[in-house]
Amino acid sequence: MNDAKSTANRDTVTLTDNSTGKSLELPILGGTVGPRAIDVSKLYAETGYFTYDPGFTSTASCDSNITYIDGEVGVLMHRGYLIEDLAENSDFMDVCYLLLHGELPDAKEKTRFEKSITYHTMLHEQMNNFFRGFRRDSHPMAVMVGVVGAMSAFYHDSTDINDPHQRMVASHRLIAKMPTIAAMAYKYSVGQPFVYPRNNLSYAENFLHMMFSVPCEEYQISPVLARAMDRIFILHADHEQNASTSTVRIAGSSNANPFACIAAGIASLWGPAHGGANEAVLQMLNEIGSKDRIPEFIKRAKDKDDPFRLMGFGHRVYKNYDPRAKVMQKSCHEVLGELGIEHDPLLEIAMALEKIALEDDYFVEKKLFPNVDFYSGIILKAMGIPTSMFTVLFAVARTVGWVAQWREMIEDPKQRISRPRQLYHGYAQRDYVPLDKR
Ligand code: ACO
């Protein structure tokens, strides 16, 4: 499946079972860059052993050409392009095309792609009824899981995963309709009428329009806010095999339809250890309330007996500053400047907290740096996005990554159903106990 040249070599490692003295040579696989991997796919057949790696900290689950992260130095690249360059010079449509097709589009390709996305933004009218079935106070992520899953009941002509054209149509539909569904979930929760998409607006502008315009007055879209929104979408577009992307791949490995797979990804993203962290950061900053209370919260974060963690800090892969957090911090200042917010108390607490944590031995030793979620909540709040919608925005942006990874998996000739094994600690076989003897 590699279109980038792999530097695969013939190195091996030898595994010796000290109890039997038997040895097995295992091939070492190399990618273009990054750590090499020991191929253990034949291990069980040859030795009867499984590998054991809860949380997959040392496991490469697939081959991929899409995204590369070097967590030690804080590098993120999509198809070889640094995230900082993409955030500075591209727009979200460029990045979507790049993730889906492997190259940045030329002018013609971009126009065609943008048109296709734009013309898929409307939802089947009957889907409006779905929203009305939810309680008004439903969390919008709950609505997203339900409505995106329900797309498989509406778009039958793009659920055949074996047809490349249908796969592409489903991908475009998902990218195009996610902002519409997200904005509808918001409008429903505040009791305002749904706002239809507009074809003369960019992806980010259209989202702001559907979120904030009302039929009774003109809504002016600020170019600075539209650019900031577009950049937030770029920064969240893909992040290799994280929990939600792996969920999408695992769901898709059974040949489930793409809408069902993306609904599974949304469910996984919802958790506060993953996409839900941006919402949790804001709650934490509010709870801290003032700079002088920061030491108390730092102390709690370090206390093994206290479940509290500094939200927006730490990452499974980044053991350095998350490059997205740097761009986000810059964007945050631009947005607050545009909105004339000279002193944002939450931003001030966030910056003081970051400074204290980065100098604290506990965070230094464990290499805990701010991640993308640390600043995104502050920008989104300043833009008027309610906290409960933060993770929804993440889902809108990540949809392109999910569909690109899902398509890559379906098109990989090595693809098989994902079926991990386990180390069983339960009872071995025992005799059944009748009810009167228990
Ligand atoms: N605050 C305090 N301590 C922390 C934090 C934190 N935010 N994050 C990790 N640690 C500590 C752990 O207690 C652990 O200490 P120990 O070795 O003494 O037991 C050590 O650092 C390693 O942490 P793990 O939980 O083992 O690391 P893991 O890779 O499993 O978890 C995670 C990564 C979930 C992101 C974690 O850092 C965390 O919970 N952070 C806060 C939530 C968050 O911001 N999530 C967003 C992630 S980015 C994203 O999804 C977009």
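In each ligand, atom 1 is the first atom listed, and ligand 1 is the first ligand listed. Counting from 1, the numbers follow the sequence of the chain as shown.
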Consider ligand 1: state whether an atom of it lies below 4.0 angstrom from any non-hydrogen atom of A301.
yes

What do you reckon, does F308 put a non-hydrogen atom under 4.0 Å from ligand 1?
no

Nearest protein heavy atom to [atom], by residue and atom, and its distance?
atom                    : value
atom 40 (N) of ligand 1 : F313 O, 2.9 Å
atom 48 (S) of ligand 1 : H315 CD2, 3.5 Å
atom 49 (C) of ligand 1 : D373 OD2, 3.7 Å
atom 21 (O) of ligand 1 : K366 CD, 3.4 Å
atom 42 (C) of ligand 1 : M311 CE, 3.4 Å
atom 3 (N) of ligand 1  : Y362 OH, 2.9 Å
atom 45 (N) of ligand 1 : A273 O, 3.1 Å
atom 35 (C) of ligand 1 : G314 O, 3.7 Å

Output yes when a side-chain donor or acceptor of [X] lies under 3.5 Å from a complementary backbone atom of [Y], and no otherwise.
X    : Y    : answer
Q415 : S253 : yes
S90  : A87  : no
D230 : D91  : no
Y203 : I175 : yes
H101 : C96  : no

So, S61 and R249: side-chain donor and acceptor under 3.5 Å apart, yes or no?
no

Check the side chains of S64 and E408 for a donor-acceptor pair under 3.5 angstrom, ignoring hydrogens and angles.
yes

Numbered in order shown, the ligand 1 atoms found under 4.0 Å of a heavy atom of G312 are 43 (C), 44 (O)

Considering only heavy atoms of A277, which atoms of ligand 1 have at least one such atom less than 4.0 Å away?
43 (C), 44 (O), 45 (N), 46 (C)

Is R316 in polar range of ligand 1, meaning some N or O pair under 3.5 Å apart?
yes

Flag F363 as yes when one of its N or O atoms lies below 3.5 Å from any N or O atom of ligand 1, and as no otherwise.
no

Using a heavy-atom cut-off of under 4.0 Å, does the side chain or the backbone of [X] touch ligand 1, or both, or neither?
X    : result
L368 : side chain
F394 : side chain
K304 : side chain
V372 : side chain
R309 : both

Atom 26 (O) of ligand 1 touched by protein (heavy atom, under 4.0 Å)
no

Mark yes when over 12 heavy atoms from residues, nucleotides or ligands other than E72 sit less than 6.0 Å from its CD; otherwise mark no.
yes

Counting only heavy atoms not in F308, do more than 12 fall under 6.0 Å of its CZ?
yes

Any idea how [X] and [Y] line up, ring-wise: parallel (<30°), tilted (30 to 60°), or perpendicular (>60°)?
X    : Y    : value
F233 : F92  : tilted
H139 : W270 : tilted
Y219 : F212 : tilted

